[in-house]
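Since this is a predicted model, take the numbers as computed values, not measurements. When reading the values below, keep in mind they use all heavy atoms of this one structure, side chains included, and skip hydrogens, waters and symmetry mates.
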Amino acid sequence: DRLITRRFDGYKSNIETILGIRVDFSYVDAFSRDRLAHLLVTKRVDLAAPGTSALAFYSDEQIVSTNVLYSVMTEAYYAKSLCLWLNSVFGVLQYLVFRMETRGSYCDLLQETLVDLWVPTPELVKQNQKTFNSLMTKYGETPLPSLLEQFSKPPKARKELDTAILKMLGWKDSEIKETLPKVYKALASELQLAVAAMSEKRGVKVDDD
């Protein structure tokens with residue numbers, strides 16, 4: 001999407017007159033400039049929704065967030081790494097643990113909670129910058145299924161991202177091979193329970209299959 005920050009030829013006759021609304025573009029311009037960032041992090045989300053496949057989003061070009069996303073101001077190299085980290089199993093786990101639940105799997109992540117999330121230090125990121133860059137190049141634009149499906153039937157991108165990050169933290173291959181499937185199963189179960197809870201509230205029967 002594009003955000004209009006100043007008037008252009010034809011704006012008044014084609015948009016302003018038709019809508020009957022006069023926009024204060026000085027406010028829009030200042031508001032948007034204050035929110036330009038390389039990294040956007042989800043604020044409000046239904047974790048188990050079919051369309052929810054990621055929680056953080058990176059752009060080489062600075063972009064402006066909507067009200068359902070937080071703008072995270074930091075350098076591009078760190079923003080890229082944080083995006084991958086927040087979309088890893090660590091990021092999803094923290095969303096589930098610290099979210100402010102509204103109903104079922106739909107939740108808000110408060111700003112004060114966001115700043116307290118456990119994330120890699122800039123030093124750790126710099127030590128592993130090649131790995132982060134490689135992951136983003138390889139999977140940054142890869143279409144992914146819903147989070148529920150990612151943990152029920154983990155795709156290659158999911159497994160490679162989580163494995164790479166665990167290795168950065170010093171995990172051995174044997175430990176990763178034993179632990180990750182268990183974590184995926186637990187996350188899938190948690191999301192499925194959230195879906196079931198929401199369906200029960202609506203009076204909808206959920207098929208366990």
| field | Side chains of L124 and L169 in contact at under 4.5 Å (non-hydrogen atoms) | value | yes
| remark: d(F57 CZ, L69 CG) to nearest 0.5 Å is 6.5 Å
| query | Has the side chain of S189 got a donor or acceptor atom that lies under 3.5 Å from a matching backbone atom of K185? | reply | no
| field | Over all atoms of both residues, closest heavy-atom pair of S81 and Q129 | value | OG-NE2, 3.7 Å
| query | Do I165 and D162 come close enough that some side-chain heavy atom pair is under 4.5 Å? | reply | no
| remark: Taken in chain and number order and not counting sequence neighbours, the residues that satisfy salt bridge (Lys or Arg N to Asp or Glu O under 4.0 Å) with E160 are K138, K156
| field | Y70 side-chain N/O to L109 backbone N/O, donor-acceptor pair under 3.5 Å | value | yes
| query | Within the distance-only criterion (no hydrogens, no angle test), does the side chain of N128 pair as donor or acceptor with the backbone N or O of M168 below 3.5 angstrom? | reply | no
| query | For D60, does its backbone N or O pair with a side-chain atom of H38 as donor and acceptor, under 3.5 Å? | reply | yes
| Exam field: side chain N87 to backbone A56, donor-acceptor pair closer than 3.5 Å | yes
| Minimum-distance pair of heavy atoms, taken over all atoms of K43 and N67 | CD-O, 3.5 Å
| query | Do L93 and V183 touch side chain to side chain, with heavy atoms closer than 4.5 Å? | reply | yes
| note | Output for pair (L55 CG, L86 CG), nearest 0.5 Å, gives 8.0 Å
| query | How close do I176 and P181 get, heavy atom to heavy atom, and via which atoms? | reply | O-CD, 4.0 Å
| query | In this structure, are over 12 heavy atoms from other groups packed under 6.0 Å from E75 atom CD? | reply | no
| Contact summary for C83 and L39, nearest pair of heavy atoms | CB-CD1, 3.7 Å
| said: Measuring from atom CG of D173 to atom NZ of K177, what distance do you get when rounded to the nearest 0.5 angstrom? | reply: 9.5 Å
| Residue Q111 excluded, over 12 heavy atoms near CD under 6.0 Å | no
| task | For S134 and K130, indicate whether the former's side chain and the latter's backbone hold a donor-acceptor pair under 3.5 Å. | result | no
| Partners of Y184 by ring pair (Phe, Tyr, Trp, His ring centres under 6.0 Å), sequence neighbours excluded? | F151
| query | Looking only at atom types and distance, does a side-chain atom of Y95 sit under 3.5 Å from a main-chain N or O of T42, one as donor and one as acceptor? | reply | yes
| Ignoring hydrogens and geometry, is there a side-chain-to-backbone donor-acceptor pair from S59 to Q62 under 3.5 Å? | no
| Does the side chain of R158 reach to within under 4.5 Å of the side chain of L144, using non-hydrogen atoms? | no
| To the nearest 0.5 Å, what is the distance between CZ (F90) and CH2 (W118)? | 5.0 Å
| Is it true that I63 and L82 fall in one hydrophobic cluster, defined by side-chain heavy atoms closer than 4.5 Å? | no
| message | Do Y139 and L161 make a side-chain contact, defined as non-hydrogen atoms from C-beta onward lying under 4.5 Å apart? | response | no
| query | Which heavy-atom pair separates S53 from L147 by the least distance, and what is that distance? | reply | O-CD2, 3.7 Å
| remark: side chain to side chain donor-acceptor pair (under 3.5 Å) filter on S65, not counting sequence neighbours, yields S71
| request: Could you grab the distance from atom CG of L36 to atom OG of S32, nearest 0.5 Å is fine? | output: 6.0 Å
| Donor-acceptor pair, W171 side chain versus T179 backbone, under 3.5 Å? | no
| Check: T163 side chain, K159 main-chain N or O, donor-acceptor pair, under 3.5 Å | yes
| request: Decide side chain to side chain contact (heavy atoms under 4.5 Å, CB included) for V72 and L40; before the verdict, give the C-alpha distance in whole Å, the side-chain angles of both, and the deciding distance to 0.1 Å. | output: CA-CA 6 Å; V72 178; L40 303 184; over 6 Å; no
| remark: Between the CZ atom in R44 and the CG atom in D108, the distance rounded to the nearest 0.5 Å is 5.5 Å
| message | What I'd like to find out is whether the side chain of T131 reaches to under 4.5 Å of the side chain of L135, using heavy atoms alone. | response | yes
